[in-house]
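Quick notes on the structure that follows.
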Amino acid sequence: MKEKFSVVTSRCVPLNIENVDTDQIIPARFLKATSKKGFGQNLFRDWRYDGEGNPKADFVLNDPTYGGCILVAGKNFGCGSSREHAAWAISDYGFRVVVSSFFADIHKNNELNNFVLPVVVSEQYLADLFECIYSDPSTEVTVDLAAQTITNLKNGHTATFDINPYKKHCLMEGVDDIEFLLSKRSDIERWEADRRDACK
Amino acid sequence: MANTLFDKIWDAHVVTDIKGGPSQLYIDRHYCHEVTSPQAFDGLRTRGLKVFRPERTICSPDHNIPTVNQDKPIVDEVSRNQVETLLRNASEFGLTLFGLGHPKNGIIHVIGPENGLTLPGYTIVCGDSHTSTHGAFGAVAFGIGTSEVEMVLASQCILQPKPKTMRITVNGKLKPGVTAKDIALYIIAKMTTGGATGYFVEYAGDAIKALSMEERMTVCNLSIEMGARGGLIAPDETTFEYVRTREYAPKGEQWDKAVAYWRTLYSGDDAVFDREVLFDAADIEPRLTYGTNPGMGIGITETIPEPPADETAKASYMKSLEYMGFEVGQSLIGTPVDYVFLGSCTNGRIEDFRAFAGYVKGKHKAPGITAWLVPGSWAVRKQIEAEGLDKVLNEAGFELRQPGCSACLAMNDDKVPAGKLAVSTSNRNFEGRQGPGARTILAGPLVAAAAAVSGVITDPRK
C-alpha cells in the first residue's frame with residue numbers, strides 16, 4: 001500500500017521549457033543504482049549543477065524564491081527514454097504533482113505507477129499559471145483528484161483534468177497494478193489455454 | 001470496425017478490458033536488460049513471487065558493458081554490480097541469459113530478431129523505449145517502465161490504455177545515397193518530437209515495403225522519437241524469409257501454421273486509422289539533426305530554420321541552438337567533427353557496417369577524428385569478419401570494437417567529452433546524452449562515414 005492521494009495544495013516550481021526529456025530529468029550515468037532510493041539528489045543534475053558539482057544559480061531548483069511539491073513544466077514533458085528512474089527522481093525530490101499541457105506516454109505511466117499525479121491542462125491555462133507563478137512565487141495551487149480539478153488560488157482559475165477511472169481508483173486507494181494483476185492469475189491461465197493464434 | 005494491423009494483434013492479446021480503464025494485455029515476449037530490471041526483481045522478492053512464465057523472458061546486459069576487453073571484469077564497480085545483478089536475478093528466477101562473453105550477447109533489440117525470438121503477431125515489451133524496433137516484424141512492441149517490468153514478470157500481463165492508430169505512408173522510390181535512417185529522421189522532423197504521442201504508428205507504402213528487415217528495424221526503432229507508443233510494418237515475404245532460418249523460429253509444421261496466421265496480419269482495405277499521414281520518398285535526402293531533440297532535423301543541403309513564433313517554443317529552440325553552438329540560417333556542411341559513432345539499436349546491424357565500409361573503402365580516417373565502430377551483437381561482428389569488412393575498415397584506419405549500447409547513452413567508458421561534436425548513428429541528440437556537455441548530430445551510416453574520412457560534415461552523395 002502506498003500513500004493515498006486526495007487533495008494537494010502547494011506553491012509551485014516553474015520549469016518553462018518544452019520537450020524536457022528524461023535524460024535531463026535524470027542523466028544515464030545515474031541509472032546504475034539497483035534500488036529506487038536517492039535519485040532526487042540528481043534530479044535535473046546537469047541543469048542544476050556544474051561540472052564540479054556546484055549549484056547553478058540560474059536553475060529554478062536552486063532558486064529559493066520557488067518551492068513546493070508541484071512542478072509546472074512546458075509541453076511534452078518526459079519525452080525520450082522509458083527510464084522509470086525519472087519518475088523515482090521526481091518523487092524522491094518531493095514532487096507529488098506535475099502540471100503540463102502535454103506529457104510523453106511512457107513517462108506519464110511511470111509517474112502514475114509511482115503515485116505522482118500528472119495533470120494535463122490547456123496551453124492557455126499553463127501559460128496563465130506560469131505568469132502567475134513568475135509574478136508572485138507565493139502563488140498556491142490546489143489539485144483535487146476526486147473532483148479532477150486544478151485551481152490557481154491566486155486568481156481562482158479552475159480547470160478540470162482527465163484521468164482514467166481505474167488509475168484514479170489506484171491513486172486514491174493507494175493500490176498498484178501488480179496487486180490487481182496477481183488477483184487475475186487464474187483468468188490469465190484460462191486465457192492462455194484458450195488462445196487460438198499462432199503465438200501460443 | 002477498425003481492422004488495422006495494430007488492432008488485430010492488440011485485440012488478440014487482450015485478456016480483459018477494465019471498465020473505464022486500461023486493457024489487460026498478454027505479453028508474448030519480454031526482453032530484459034540490466035538497467036531497468038533490478039528494482040523489478042526486488043519487487044518480486046519483496047512480494048515473495050516467482051516469475052509467472054520464465055520461458056517468455058530473455059535477458060542480456062547491454063547498456064553498461066565496455067566495448068573493449070569484455071573477457072576481463074568490468075572496471076567500473078557500479079556498472080559491474082548492475083551487470084552481475086542481472087546475472088544473479090536471471091539465475092535465481094530461472095530466466096534465459098545471454099551474458100557477457102556469450103556468443104548471443106549484444107544489444108537486446110539486435111539479438112532478439114537475429115535469433116528468431118521476435119516473431120510477427122507477437123506482443124513484445126522491454127524496459128527500454130526502443131523496443132519499437134521489433135515492430136518491423138509486424139509485432140506490437142513498445143517500451144515500458146520498471147513497474148511494468150515487474151508486472152510482466154509477475155503475471156505476463158500489463159495494464160495499458162489502447163493507443164490511437166496512425167498510418168504513415170511513404171510512397172515512391174528513395175534516391176541513391178538515402179538510407180532508412182534518413183526516412184525516419186525525415187518523418188520525425190515533419191511530425192516533431194511529440195507529434196505522434198498517444199498513437200501507435202503503422203508504416204506503409206511502396207518505399208517501406210521495398211526495405212530490407214534491417215532497414216525496417218531502423219525505421220521502427222525511431223518511432224518513439226516522435227512520441228509514438230510504437231511503430232510496426234505488416235509482415236510479408238521479406239519478413240518470412242528473414243525469420244525462417246533463425247534458431248528460435250518455429251520449424252516444420254509449426255512454421256507452416258505460423259506463416260498462414262502471419263499472412264492474415266495486415267490492415268484491410270476498409271481499415272480506419274485515427275490519423276493518416278502521407279510522404280513522398282523522392283523528397284528525402286540524407287538527414288542531419290542540428291538541435292537537442294531528434295525532431296530538430298534538416299536535409300543535408302538545407303540550413304537551420306527560423307525559430308517558431310510562440311515565445312516559449314522559441315526560447316526552448318534558441319536554448320537548443322546555444323547548446324549546440326549553431327545559428328539560425330547556418331548550413332552544417334563543412335562543420336568540423338570530433339567524434340563518429342557507428343552503432344546502437346538504431347544502426348548497429350550488418351547492413352549499416354556494409355554501408356559504412358563501402359563508403360570508406362580505399363579512403364582513410366581523417367586525422368583528429370575519434371571513431372567508435374560498435375557492432376550491435378557478437379553475431380553482427382562475426383558477420384562483419386566473415387565478409388572481410390573488418391579488413392576494409394582496418395585499412396581505412398578504423399578499428400572494430402566489441403558489442404553493446406556504447407556511446408549511444410554513454411553508460412560505459414565511451415563518452416564524448418564536453419563541447420566535442422559527434423556525428424552519431426544512434427537515436428538521441430539530447431543534451432549530454434553521449435556524455436556531459438557532448439554535442440550530437442544524428443545521421444545515417446553514410447553521413448557518418450563521410451564525416452569520418454573528411455573530418456567535417458560532408459554530403460555522402462558527392
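Computation of the quantities below employed the complete heavy-atom set of this structure, encompassing side-chain atoms and omitting hydrogens, waters and symmetry-equivalent molecules. In the text below, chain A, chain B and the rest are named by the order of the sequence lines, each starting its count at 1.
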- [ ] Among A:Ile163, A:Asn113, A:Ile188, single out the residue with the greatest number of heavy-atom pairs under 4.5 Å to chain B.
- [x]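 That would be A:Ile188.
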- [ ] Please determine, among A:Gly80, A:Ala127, A:Pro27, A:Pro165, the option with the most heavy-atom pairs under 4.5 Å with chain B.
- [x]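 The residue among A:Gly80, A:Ala127, A:Pro27, A:Pro165 with the greatest pair count is A:Gly80.
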Open item on the list: For B:Asp76, is there an ion pair with A:Lys32 - N to carboxylate O distance below 4.0 angstrom?
Closed with: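 A salt bridge is present here (some side-chain N lies under 4.0 Å from a carboxylate O).
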Task: A:Asp176/B:Arg47 ion pair, N-O < 4.0 Å - done: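 A salt bridge links A:Asp176 with B:Arg47.
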- [ ] Would you check if the side chain of B:Gln24 reaches a backbone N or O of A:Leu181 as a donor-acceptor pair within less than 3.5 Å?
- [x]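 Not at all, since once roles are kept as given, no pair shorter than 3.5 Å links the two residues.
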Open item on the list: Is it the case that the side chain of B:Gln82 and the backbone of A:Thr34 share a donor-acceptor pair, with hydrogens and angles ignored and the cut-off at 3.5 Å?
Closed with: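 Judged by distance alone, no pair lies under 3.5 Å.
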Of the backbone (N, CA, C, O) and the side chain (C-beta and beyond), which part of [X] lies under 4.5 Å from a heavy atom of chain B, both, or neither?
X        : value
A:His107 : neither
A:Asn110 : side chain
A:Phe103 : backbone
A:Glu18  : both
A:Ala104 : backbone
A:Asn76  : side chain
A:Asn19  : side chain

Report which part of [X] has an atom under 4.5 Å of a heavy atom belonging to chain A: side chain, backbone, both, or neither.
X        : value
B:Leu49  : side chain
B:Arg433 : both
B:Ala154 : both
B:Ser147 : both
B:Val14  : backbone
B:Gln254 : neither

Task: A:Trp88 side chain near B:Gln39 side chain, heavy-atom distance below 4.5 Å - done: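 Yes, close enough: below the 4.5 Å cut-off.
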Open item on the list: Please evaluate residues B:Ile18 and A:Phe180 with respect to the criterion side chain to side chain contact (heavy atoms under 4.5 Å, CB included), reporting the C-alpha separation (whole Å), side-chain torsions for both, the decisive distance (0.1 Å), and the verdict.
Closed with: CA-CA 11 Å; B:Ile18 299 167; A:Phe180 174 87; 3.5 Å; yes
